[in-house]
Protein chains: 2
Amino acid sequence: MTKCTDILQPLPNEISLSKVLHALSDPVRMEIVLKIAKAGQVACGAFDIPMPKSTLSHHFKVLRESGVVTSRREGNELMNSLRSEELEERFPGLLKSIIAAGSR
Amino acid sequence: MTKCTDILQPLPNEISLSKVLHALSDPVRMEIVLKIAKAGQVACGAFDIPMPKSTLSHHFKVLRESGVVTSRREGNELMNSLRSEELEERFPGLLKSIIAAGSR
DNA sequence: AAGACGGTTCGAAAATAGTCGAACCATCTT
DNA sequence: AAGATGGTTCGACTATTTTCGAACCGTCTT
């Protein structure tokens with residue numbers, strides 16, 4: 001029985017470029033990633049994106065399953081952060097340049 | 001009347017990050033881009049991808065409309081090249097790191 | 001134990017994207 | 001002008017993605 005706190009995410013060497021690019025090709029998800037990049041870590045609820053939470057949850061799921069974001073439970077909420085080191089090792093420079101591009 | 005040689009592509013400052021990432025998130029298109037990156041320029045017909053030419057043509061269209069690839073007629077065929085300089089100016093380091101990531 | 005709060009999961013509907021064959025357009029060759 | 005070659009366009013179909021409400025799960029508080 002999987003609990004909702006079990007977070008599905010690929011191992012570092014299983015992170016797929018296609019999936020990463022697809023995950024980041026959505027403007028909403030990009031916005032999420034930029035905010036996490038700026039703040040270091042952000043809880044799911046801290047995004048004031050006008051959209052039902054089920055939809056937002058879906059976007060987080062895509063980000064997790066692509067290997068871009070990792071989430072851990074912190075008391076009541078889920079804290080999200082970027083898997084910067086793992087991504088940097090697997091695809092050097094990629095995340096940084098995408099974040100820079102998205103910040104323009 | 002638009003002729004089939006009229007190539008639709010965005011102006012440099014109209015290139016959208018989302019569209020670029022989406023274009024490159026498809027493995028077939030990534031393969032195309034990698035081959036162009038390696039060879040400098042490649043005609044559409046030079047890709048031995050086992051797929052009807054209408055489908056291949058569609059992928060080239062996506063690549064053009066995203067601003068990643070430009071095509072010009074050269075006699076009988078269409079020569080494709082990357083819009084490296086324009087992309088570099090708009091999103092510094094982006095294309096390079098994606099190509100590096102895709103080459104692994 | 002009962003709320004309240006933060007998120008996920010589960011359908012199902014709507015929108016978007018990919019694939020393909022057939023017909024067509026543009027250029028070069030004969 | 002007639003083929004041949006290289007690509008595009010069109011329409012239809014399929015597959016994937018996005019979106020949403022409703023129900024649910026996990027944690028904290030009371």
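Naming: A, B, ... by sequence-line order, numbering from 1 per chain. Hydrogens, waters and symmetry mates are skipped; everything else that's a heavy atom, side chains included, is used.
With B/Arg73 contributing its side chain and B/Asn76 its backbone, the two residues share a donor-acceptor pair below 3.5 Å. Within the 3.5 Å criterion, the main-chain N or O of B/Gly93 finds a donor-acceptor partner in the side chain of B/Ser97.
Each of D/dG7, C/dG6, C/dA26 was ranked by its minimum atom distance to the side chain of B/Asn76; first place goes to C/dA26. When distances are taken from the side chain of A/Ala43 to each of D/dG26, C/dG7, C/dT9, the shortest belongs to C/dG7.
Look at A/Arg72 and A/Glu74 and you find a salt bridge, because one of the NZ, NE, NH1 or NH2 atoms lies within 4.0 Å of a carboxylate O, short of that distance.
Separating the CG atom of B/Leu63 from the C1' atom of D/dG7 is a distance of 15 Å, rounded to the nearest angstrom. Residue B/Lys61 contributes atom NZ, which lies 8 Å from atom C1' of D/dT9 at whole-angstrom precision. A straight line from CZ of B/Arg72 to P of C/dT27 spans 15 Å, rounded to a whole angstrom.
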Short heteroatom pairs, N/O only, protein and nucleotides 17-22 of chain C, under 3.5 Å:
from	atom 1	to	atom 2	distance (Å)
C/dG18	OP1	B/Arg29	NH1	3.4
C/dG18	OP1	B/Arg29	NH2	3.0
C/dG18	OP2	B/Arg29	NH1	3.4
C/dT19	OP2	B/His59	NE2	2.6
C/dG21	N7	B/Ser54	OG	3.1
C/dG21	O6	B/Ser54	OG	3.1

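Put simply, A/Arg73 has no side-chain N or O that comes within less than 4.0 Å of OP1 or OP2 on C/dC5.
Across all their heavy atoms, B/Leu63 and B/Ala23 have their closest contact at CD2-CB, 4.2 Å. The two residues B/Ile99 and B/Leu34 make their nearest non-hydrogen contact at O-CD2, 3.6 Å.
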